[in-house]
Amino acid sequence: MIKFVPRCYMLSFLCKRSCPMPIPRLTSKLFSSLSSNSVPIALPSHRETHFWYMLPDEVKDQALLNRYLEILSPCERENILSMKGNDLQKGALLARALVRTTLSRYTNSHVAPKSLMFRKNQYGKPEVEWQPDENWNPPSLHFNISHSSSLIACGVTLDVPIGIDVEEKQRTLKSNLLSFTRRYFSSDEVEYICAISDPEIQKQELNKLWTLKEAYVKALGRGIAAAPFKGFNIKFIATSNSKEQGSGAFVSEAFHVVVEAIDASIHHTNNWRFALFEVVGSHYAAICVKDSKMEDEATPIKLKVWKTIPFVEDVRVSVPQFLCI
């Protein structure tokens, strides 16, 4: 458990008799950069998405974790400290720190990570709540966060809603794969999964579907409870460049994702763009952003990707190949 101690916020899962294991490549610059704000970044351009991710296993330094705890609100700290289990506490801490440091970058140093305030919509999706400032016009930022036990990601857009999801490619299901599919997916999607003969490809196609559906309902701002997965289909529309794998699954950068409504009580529209890609070889990441014009369905999302350890290191990485758009 993380034990809250005033003024130093000691994190008990790092407070062992042996010295904490530093990350070798970070040690030389860690303490010189801890007190600085996030490095400013230009706002996303029209129809552009920024994707930031971090790896929890790379963050082991006591001082850095304490620094993250200090930039959170009292409510955020209390929520984290009340969680049971070191992994849950650390993951929640890093997720909140990633959101705050990422959004602060787009304010051109006007708003420090600690000063950011948030509100939730009626379904619980968090949004930035800018404070009045006569000397600054805040940007219309939209963001969404997702995390697994080994990767945390934050997506950012300007003016348009966004939803993201990251899932481990080798995640373990609590139930049989086909039972899980029938429980959460539409009949068309169940048929699609069942038609794949290779068990490993079947598992990966299920993970891809789940990741895309999760990103979509998060972009809607509703979550699974208000937009059940069985209420819509995710369909893969083949293009002339699509290629079929050996066991019935399609993979192509030009492969187009379409949402098809089943539940009439939920307002589903087709003005959403998707991107599905791999991150560090171990995760699928899906992005869904609203596009009111949809002039060309085959045009992929403009994407910029950074790997980060907030306050320490930001690395711009090459845009991964899209598995579908």
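The chain is numbered in sequence order, starting from 1.
Note on Val160 and Tyr106: separate hydrophobic clusters, where clusters join Ile, Leu, Val, Met, Phe, Trp and Tyr whose side-chain heavy atoms are under 4.5 Å apart, directly or indirectly. No single ILVMFWY cluster, assembled from side-chain heavy atoms under 4.5 Å apart, contains both Met117 and Val99. Cluster membership for Met54 and Val39, using ILVMFWY side-chain heavy atoms within less than 4.5 angstrom, is not shared.
Here OG1 of Thr49 is found 11.5 Å from NZ of Lys304. Values are rounded to the nearest 0.5 Å. With rounding to the nearest 0.5 Å, the separation of CG in Leu103 from SG in Cys154 is 5.5 Å. Taken from CD1 in Ile152 to OG1 in Thr308, the straight-line distance is 11.5 Å, to the nearest 0.5 Å. Atom-to-atom distance recorded for Ile234:CD1 and Asp188:CG is 12.0 Å, nearest 0.5 angstrom. Atoms CG and CD1, on Leu69 and Ile80 in that order, are 6.5 Å from each other to the nearest 0.5 Å. If you take OG1 on Thr181 and CD on Glu189, they are separated by 9.5 Å, rounding to the nearest 0.5 Å.
Between Phe277 and Phe322, the two ring planes are tilted [angle within 30° to 60°].
Residues Tyr284 and Glu278 are in side-chain contact: their nearest non-hydrogen atoms beyond the backbone lie under 4.5 Å apart. Using a 4.5 Å heavy-atom cutoff, the side chains of Gln204 and Asn207 are in contact. Residues Arg96 and Tyr68 have side chains not in contact (no heavy-atom distance under 4.5 Å, counting atoms from C-beta outward). In this structure the side chain of Asn233 reaches within 4.5 angstrom of the side chain of Ile262, judged on heavy atoms. Looking at heavy atoms from C-beta onward, Ser186 lies out of side-chain contact with Lys235 at the 4.5 angstrom threshold. Under the 4.5 Å side-chain criterion, counting only non-hydrogen atoms from C-beta, Phe311 is in contact with Ile71. Counting heavy atoms from C-beta outward, Pro138 and Asp133 have side chains that stay 4.5 Å or more apart. Using a 4.5 Å heavy-atom cutoff, the side chains of Thr157 and Phe143 are not in contact.
For Glu78, the CD atom counts as loosely surrounded, since its 6.0 Å shell holds 12 or fewer non-hydrogen atoms of other residues, nucleotides or ligands. By the neighbour-count criterion of 12 heavy atoms within 6.0 Å, atom CD of Glu191 is sparsely surrounded, having that number or fewer from other residues, nucleotides or ligands.
A pairwise comparison of heavy atoms in Ala286 and Ala215 identifies O-CB, 3.7 Å as the closest pair. Nearest heavy atom pair, residue Asn176 against residue Leu178, reads OD1-N, 2.9 Å. Taking each heavy atom of His50 and Ala42 in turn, the nearest pair found is CE1-O, 3.5 Å. Minimum interatomic distance between Val166 and Ser148 (heavy atoms only, all atoms of both residues): CG2-N, 4.1 Å. Scanning all heavy atoms of the two residues, the minimum distance from Ala285 to Val279 falls at CB-CG2, 3.6 Å. For the pair Ile309 and Val59, the tightest heavy-atom approach, listed with the atom from each and the gap, is CG2-CG2, 4.2 Å.
Listed by first and then second residue, the ring pair (Phe, Tyr, Trp, His ring centres under 6.0 Å) pairs involving residues 155-180 are Phe180-Tyr184, Phe180-Trp210 (not counting sequence neighbours). Listed by first then second residue, pairs satisfying salt bridge (charged side-chain N to carboxylate O under 4.0 Å, His left out) with a partner in residues 154-168 read Glu167-Arg171, not counting sequence neighbours.
Panel note: side chain Arg47, backbone Asp291; no donor-acceptor pair is recorded below 3.5 Å. Put simply, the side chain of Arg77 gets close to the backbone of Leu72: a donor and an acceptor are under 3.5 Å apart. Without hydrogens or angle criteria, Asn144 side chain to Ile164 main chain gives a donor-acceptor distance under 3.5 Å. Side-chain atoms of Gln202 come within 3.5 Å of backbone atoms of Ile193 as a donor-acceptor pair (strictly under, hydrogens ignored). Formation of a donor-acceptor pair under 3.5 Å by the Trp130 side chain with backbone atoms of Pro139 is found in this model.
Ring centers of Tyr192 and Phe185: at least 6.0 Å apart, outside the cut-off. When ring centroids are compared, His283 and Tyr53 stay outside the 6.0 Å threshold.
Partners of Lys218 by salt bridge (charged side-chain N to carboxylate O under 4.0 Å, His left out), not counting sequence neighbours: none found.
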How far apart are the C-alpha atoms of His256 and Phe274, what are their side-chain angles, what is the distance that settles it, and do they pass the side chain to side chain contact (heavy atoms under 4.5 Å, CB included) test? CA-CA 8 Å; His256 184 53; Phe274 291 86; over 6 Å; no
Begin with the C-alpha distance, continue with both residues' side-chain angles, and end with the deciding distance and a verdict on side chain to side chain contact (heavy atoms under 4.5 Å, CB included) for Trp306 and Thr102. CA-CA 10 Å; Trp306 287 266; Thr102 297; over 6 Å; no
Take Asn79 and Glu76, measure what side chain to side chain contact (heavy atoms under 4.5 Å, CB included) needs, and give me the verdict at the end. CA-CA 5 Å; Asn79 288 340; Glu76 288 172 326; 5.6 Å; no
Could you check Ile325 against Ile301 for side chain to side chain contact (heavy atoms under 4.5 Å, CB included), going step by step and ending with a plain yes or no? CA-CA 7 Å; Ile325 59 176; Ile301 290 174; over 6 Å; no
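Ser104 pairs with exactly one of Asn108, Thr107, Thr101 by the side-chain contact (heavy atoms from CB on, under 4.5 Å) rule, that one being Thr107.
Ion pairing between a basic and an acidic side chain is recognised when a charged N comes within 4.0 Å of a carboxylate O; Lys203 and Glu200 show no such pairing.
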